[in-house]
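First comes the structure, then the notes that go with it.
In what follows, every heavy atom counts, from backbone to side chain, and hydrogens, waters and symmetry copies are set aside. Here is how names work: the chains are called A, B, and so on, in the same order as the sequence lines, proteins then strands, and each is numbered from 1.
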Number of protein chains: 2
Amino acid sequence: MARASGTTVRALRHYDEIGLLSPSERTASGHRRYTEFDVRRLYQVRALRSLGVSLEEIASVLADSTGGLEAMRDLLAEQLRGLEVHAAQVQQLTEQLRGLLGQIDHASMPDPDQFLTTLEMISVFETYFTTEQREQLARRRAELGSETIEAAKTEWAELVEELLRHVEEDTPVEDPRVRSLVARWDALGSRFHAGDGEQTRAAAQRMWNDNSEEIGRSLPWPADRMRDLVRYLERVRQAG
Amino acid sequence: MARASGTTVRALRHYDEIGLLSPSERTASGHRRYTEFDVRRLYQVRALRSLGVSLEEIASVLADSTGGLEAMRDLLAEQLRGLEVHAAQVQQLTEQLRGLLGQIDHASMPDPDQFLTTLEMISVFETYFTTEQREQLARRRAELGSETIEAAKTEWAELVEELLRHVEEDTPVEDPRVRSLVARWDALGSRFHAGDGEQTRAAAQRMWNDNSEEIGRSLPWPADRMRDLVRYLERVRQAG
DNA sequence: GCTAGGACCTCCCGCGACGGCGGGTTCAAG
DNA sequence: CTTGAACCCGCCGTCGCGGGAGGTCCTAGC
């Protein structure tokens with residue numbers, strides 16, 4: 001039976017165990033004997049499995065013997081919707097991976113630590129931006145190109161690290177190097193926040209607040225240094 | 001730590017259990033205490049997870065602290081390839097589902113039993129045609145349209161059932177109804193076999209042979225009746 | 001009748017990435 | 001000193017089987 005149907009013995013036994021397809025007969029010694037009816041049912045099961053339907057759903061739709069054509073259509077339609085959602089997610093992942101790889105290969109990032117920081121920023125982004133907001137970003141990404149947004153994350157990490165050094169060295173707020181860095185910072189932010197709703201800005205704000213207050217170590221950089229950095233930023237802007 | 005990083009407590013403990021991310025410190029009472037180093041590592045783990053990388057691969061690539069940028073690129077490239085293959089499979093499934101649904105909705109199939117038979121044929125096809133051969137069929141499908149091929153499976157099932165009745169009633173081979181059915185049968189086959197290599201034809205042949213000889217009940221119809229049907233077909237063709 | 005070896009049986013553990021429960025301990029606020 | 005929240009550990013469950021141990025059965029050849 002297993003050979004003829006293209007399944008394995010183990011799978012047949014599994015279907016028997018969960019009650020999806022129990023052979024109608026057994027020999028005196030306990031061997032499973034599949035009738036013609038069982039064979040047809042097995043083909044139906046395998047076909048639905050190959051369409052990605054779960055065994056539980058197969059069981060319920062095959063148990064509903066009241067014609068069952070409507071139930072079957074509903075099941076397949078739902079399956080199709082699920083697949084389409086899944087395909088969209090896969091697509092998004094694929095773009096993200098391509099962006100990252102493009103960035104590595106364009107040799108714009110010789111420093112492994114820098115790359116790790118980019119990875120960390122990805123996680124921070126995904127934690128604090130809801131799906132909706134990320135869809136807004138995705139639309140923007142379509143305009144900017146997927147590599148651009150990855151590069152932006154890197155640039156941000158870069159800016160943070162440089163500015164942190166200036167905070168530590170207490171560089172005066174009028175220093176043109178600092179003012180240039182802050183200008184880049186603001187330009188970077190406006191590329192992503194301009195045109196977005198208030199909620200996206202709020203999420204960005206929450207990102208800072210949670211990270212500096214919650215337990216003080218949620219960002220890749222220490223929270224107290226980030227607080228200092230934010231205050232320093234404001235001083236530079238007011239001085240400009 | 002869980003709240004701030006967007007993970008769950010259970011996930012953190014899981015990472016600890018498998019040795020992927022064990023907190024550097026513990027309090028005297030045994031509570032996990034995560035250092036700044038741990039936090040950064042967690043962000044890296046979460047980012048790679050969100051890219052679909054398995055925990056095992058993450059562990060190996062993060063353990064390789066020798067710069068690791070090349071290992072990282074290899075990992076992400078492999079991940080991307082896997083995703084692309086997966087996307088192609090999802091695409092194929094989606095088309096198949098759309099074909100089936102289109103067939104149901106076009107009301108060309110009012111009989112639930114008929115639809116179940118179509119399901120069974122799907123399984124038979126997938127068992128006996130190798131991937132390569134199915135790719136050939138897929139190219140042909142592109143020419144014919146995906147709904148057409150589903151309709152063909154239905155038509156085949158229909159032809160088999162009508163011809164089986166004629167075999168049972170022993171309709172003379174000169175009967176025009178029978179000759180018409182056989183003509184449709186041959187036309188149907190030629191739509192799929194014409195232009196295909198010898199192997200595809202061989203697979204179709206194997207499909208019949210295995211099914212009529214192996215255990216005698218592998219097709220949705222009884223094997224002896226199918227044997228009779230095949231003999232009857234040849235007689236009709238010779239009479240034509 | 002005997003034996004060899006293949007096919008079958010049941011029972012059980014394993015995967016991957018956690019979720020969730022139960023029963024106990026620890027911690028910080030009031 | 002209490003109380004409720006947060007933490008600890010250990011164990012079972014998920015989904016669709018794969019694979020192994022240890023035993024029984026069946027058929028072909030001698």
Side-chain angles (χ1 to χ4, degrees), chain A residues 1-34 38 41-42 44-62 75 79 82-83 86 89 93 123 126-127 213-216, chain B residues 1-35 38 41-42 44-62 75 78-79 82-83 86 89 93 123 126-127 214-215:
Chain A
M1 173 71 160
R3 263 201 314 280
S5 66
T7 59
T8 65
V9 175
R10 193 61 191 80
L12 289 176
R13 284 206 265 263
H14 181 60
Y15 299 155
D16 189 6
E17 280 167 23
I18 64 174
L20 171 61
L21 173 60
S22 296
S24 305
E25 302 172 10
R26 290 261 190 163
T27 66
S29 60
H31 288 194
R32 290 172 179 77
R33 173 145 287 167
Y34 290 87
D38 300 331
R41 187 172 169 104
L42 174 60
Q44 292 158 17
V45 168
R46 294 305 297 180
L48 289 173
R49 269 298 300 153
S50 80
L51 293 173
V53 181
S54 75
L55 294 185
E56 194 179 352
E57 287 173 312
I58 294 174
S60 76
V61 80
L62 287 187
L75 174 67
Q79 192 67 21
L83 264 189
H86 179 67
Q89 290 171 351
L93 262 186
S123 180
E126 297 193 342
T127 302
E213 291 175 9
E214 175 75 46
I215 57 169
Chain B
M1 174 72 161
R3 262 202 315 280
S5 66
T7 59
T8 65
V9 175
R10 192 63 191 77
L12 289 176
R13 283 205 267 264
H14 181 59
Y15 299 155
D16 190 6
E17 280 168 22
I18 65 174
L20 171 60
L21 173 59
S22 297
S24 306
E25 302 171 9
R26 291 262 189 161
T27 66
S29 59
H31 288 193
R32 290 172 180 79
R33 173 144 289 167
Y34 290 87
T35 67
D38 300 331
R41 188 173 169 104
L42 174 60
Q44 292 158 18
V45 169
R46 294 305 296 181
L48 288 173
R49 270 296 302 152
S50 79
L51 293 172
V53 180
S54 74
L55 293 185
E56 195 179 352
E57 287 173 313
I58 294 175
S60 76
V61 80
L62 287 187
L75 175 66
E78 193 183 352
Q79 192 68 22
L83 263 189
H86 179 67
Q89 292 171 350
L93 262 187
S123 179
E126 297 193 344
T127 301
E214 174 77 46
I215 58 168

**OP:** Please report the closest heavy-atom contact between A/V45 and A/L62, naming both atoms and the distance.
**Re:** CG2-CD1, 4.0 Å

Original post:
Where the side chain of A/R10 is concerned, which of C/dC8, D/dC17, C/dC18 is the nearest nucleotide?
Top reply: D/dC17

Subject >> Identified side chain to side chain donor-acceptor pair (under 3.5 Å) partner of A/Y15 from the options A/R41, A/R46, A/R49 >> reply: A/R46

Original post:
Out of C/dC18, D/dC8, C/dT10, which has the shortest distance to the side chain of B/H14?
Top reply: C/dC18

Subject >> Length of the line joining B/E17:CD and C/dC15:P, which is rounded to integer Å >> reply: 13 Å

**OP:** Starting at CG of A/L55, measure out to OG of A/S60 and round the result to the nearest 0.5 Å.
**Re:** 11.0 Å

Original post:
For the pair made of CG in A/D16 and P in D/dG16, what is the distance, rounded to whole Å?
Top reply: 16 Å

Subject >> Residue B/Y15, side-chain atoms from C-beta onward, closest of C/dC8, C/dC18, D/dC17 >> reply: C/dC18

Original post:
Nearest to the side chain of B/L55 - D/dG16, C/dA17, D/dC17?
Top reply: C/dA17

Original post:
Roughly, in whole Å, what's the span from CZ in B/R32 to P in C/dT26?
Top reply: 15 Å

**OP:** Nearest whole angstrom, please: distance from the P of C/dA17 to the CD of B/E56.
**Re:** 8 Å

**OP:** Identify, between B/V9 and B/A28, the residue whose nearest nucleotide on DNA chain C lies closer to the 5' end.
**Re:** B/V9

**OP:** Heavy atoms only: give me the nearest B/T8-B/A2 pair and the separation to one decimal.
**Re:** C-CB, 3.9 Å

**OP:** Classify the nucleic acid contact of A/S54 as base, sugar-phosphate or nothing, counting any heavy atom under 4.0 Å across all strands shown.
**Re:** sugar-phosphate

Original post:
Does B/S29 place a side-chain N or O at less than 4.0 Å from the phosphate oxygens OP1/OP2 of C/dC27?
Top reply: yes

Subject >> OP1 or OP2 of C/dC18 under 4.0 Å from side-chain N/O of B/T8 >> reply: no

Original post:
Hey, are A/D38 and A/R32 close enough for a salt bridge, meaning a charged N less than 4.0 Å from a carboxylate O?
Top reply: no

**OP:** Report the distance from atom CD1 of A/I18 to atom C1' of D/dG13, rounded to the nearest whole Å.
**Re:** 15 Å

Original post:
To the nearest Å, how far apart are B/L12 CG and D/dC7 C1'?
Top reply: 12 Å

Original post:
C/dC18 phosphate, OP1 or OP2: any side-chain N/O from B/R13 under 4.0 angstrom?
Top reply: no

Original post:
Quick one: which of C/dA17, D/dC9, C/dC9 gets closest to the side chain of B/R26?
Top reply: D/dC9

Original post:
Which listed nucleotide (D/dG16, C/dT26, C/dC18) is nearest to the side chain of B/H31?
Top reply: C/dT26

**OP:** Starting from C1' on C/dA7, measure out to CE on A/M1 and report it in whole angstrom.
**Re:** 16 Å

Subject >> A/R33 CZ to D/dC25 C1', straight-line distance once rounded to whole Å >> reply: 13 Å

